[in-house]
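Below is one structure, written out as structure tokens; the observations come after it.
Predicted model, so just to flag it, every value in this text is computed and none were measured.
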Amino acid sequence: MTLIIFIIFLASVLSLVLFKVKSGGMAKWAKLFRIVTVVSSISVFTYWFIKKSAVAFVDNSVGLQVINKLPQTLDFYLINVNKTDNNVTLQPKHIGKIRPEYYRIEYLKMDKSDEYWIAGYLGKKKSGLFFPAFCAQ
């Protein structure tokens, strides 16, 4: 994604330079390049926004809403405990930093598990709060 953003940036700078071309045979190509740059940039960022903001509803999943009621920002991690054939695997997932009085919703696939843990870290020294949680299916 960084490479695509860099290419869009270079195309935007070139479009800005080509804005000065107003007459001659090159003016038509400059205008076409500017239009293509704007349309492709809008398309890429629209796709990226929809991909990042789409809710991932999954069959056999549990919705988890994490609300930060503390007066400082907490950095939350989620650990899903998968139990298969006497093997226990832990799948960590970084939920993100949640500001005070804000929330985050995650959807957990619970087809191989009935347990998850939530850990919240506060401050630069990463002193932690640990919240075990169980899900009954």
Side-chain angles (χ1 to χ4, degrees):
M1 187 68 180
T2 307
L3 178 65
I4 294 172
I5 292 174
F6 183 69
I7 291 171
I8 289 173
F9 173 74
L10 290 179
S12 299
V13 169
L14 186 58
S15 294
L16 190 62
V17 170
L18 290 177
F19 181 71
K20 288 293 188 179
V21 179
K22 300 235 185 225
S23 62
M26 193 68 176
K28 186 184 221 180
W29 291 106
K31 186 173 184 176
L32 181 67
F33 182 76
R34 289 194 315 264
I35 290 171
V36 168
T37 300
V38 169
V39 169
S40 62
S41 299
I42 290 172
S43 300
V44 166
F45 285 114
T46 302
Y47 171 76
W48 177 73
F49 178 76
I50 291 172
K51 182 180 167 189
K52 288 290 184 181
S53 64
V55 177
F57 289 113
V58 180
D59 289 339
N60 200 11
S61 67
V62 172
L64 170 71
Q65 182 178 16
V66 180
I67 303 171
N68 184 6
K69 292 287 188 178
L70 295 176
Q72 64 260 21
T73 302
L74 288 177
D75 195 13
F76 280 100
Y77 289 87
L78 178 72
I79 301 169
N80 196 356
V81 181
N82 289 331
K83 298 176 184 175
T84 55
D85 300 332
N86 296 329
N87 292 332
V88 177
T89 58
L90 304 175
Q91 287 183 329
K93 183 179 183 181
H94 183 241
I95 296 177
K97 291 185 177 183
I98 303 175
R99 298 180 298 191
E101 299 299 326
Y102 280 81
Y103 67 94
R104 184 85 31 97
I105 297 175
E106 292 291 328
Y107 294 94
L108 308 174
K109 290 170 93 175
M110 301 299 283
D111 52 350
K112 298 176 188 170
S113 175
D114 61 350
E115 178 180 0
Y116 58 88
W117 306 330
I118 302 170
Y121 294 102
L122 64 136
K124 295 195 186 243
K125 294 183 182 178
K126 296 286 185 190
S127 55
L129 305 168
F130 182 69
F131 309 103
F134 299 97
C135 174
Q137 292 189 0

Under the rule for salt bridge (charged side-chain N to carboxylate O under 4.0 Å, His left out), what residues qualify as partners of K69, not counting sequence neighbours?
E101
Measure the [atom1]-[atom2] distance between [X] and [Y] for me, rounded to the nearest 0.5 Å.
X   : Y    : atom1 : atom2 : answer
I67 : I105 : CD1   : CD1   : 8.5 Å
I5  : W48  : CD1   : CH2   : 7.0 Å
K97 : R104 : NZ    : CZ    : 11.5 Å

Side-chain polar contacts of residues 31-44 - donor-acceptor pairs under 3.5 angstrom, sequence neighbours left out - could you list them?
from : atom 1 : to  : atom 2 : distance (Å)
R34  : NH1    : L18 : O      : 3.3
T37  : OG1    : S15 : OG     : 3.3
T37  : OG1    : F33 : O      : 2.8
S40  : OG     : V36 : O      : 2.9
S40  : OG     : T37 : O      : 3.1
S41  : OG     : T37 : O      : 2.7
S43  : OG     : V39 : O      : 2.8

Taking every heavy atom of L78 against every heavy atom of I95, the minimum-distance pair comes out as CB-CD1, 3.8 Å
Correct closest heavy-atom pair for V21 and A30 would be CB-CB, 4.3 Å
Which side-chain hydrogen bond (donor to acceptor under 3.5 Å, both in side chains) pairs, counting each pair once, include a residue from residues 17-27, with sequence neighbours left out?
none
Residues 1-10 vs side-chain hydrogen bond (donor to acceptor under 3.5 Å, both in side chains), sequence neighbours excluded, gives none
Who else is in the cluster with L3 when I, L, V, M, F, W and Y are joined by side-chain contacts under 4.5 Å?
I7
Considering only Ile, Leu, Val, Met, Phe, Trp and Tyr, and joining two whenever side-chain heavy atoms are under 4.5 Å apart, list the other residues clustered with L16.
none
Let me check something: do L70 and I118 share a hydrophobic cluster, defined by ILVMFWY side-chain heavy atoms less than 4.5 Å apart, either directly or through other members?
yes
Single-linkage hydrophobic cluster, 4.5 Å side-chain cutoff, L14 and W29 together:
no
The side chain to side chain donor-acceptor pair (under 3.5 Å) partners of N82 (sequence neighbours excluded) come to Q91
Pairs involving residues 83-103, ordered by first then second residue, that meet ring pair (Phe, Tyr, Trp, His ring centres under 6.0 Å) (sequence neighbours left out):
Y77-H94
Would V81 and L90 count as a side-chain contact (heavy atoms from CB on, under 4.5 Å) if you check the C-alpha gap in whole Å, the side-chain angles of each, and the deciding distance to 0.1 Å?
CA-CA 5 Å; V81 181; L90 304 175; 3.7 Å; yes
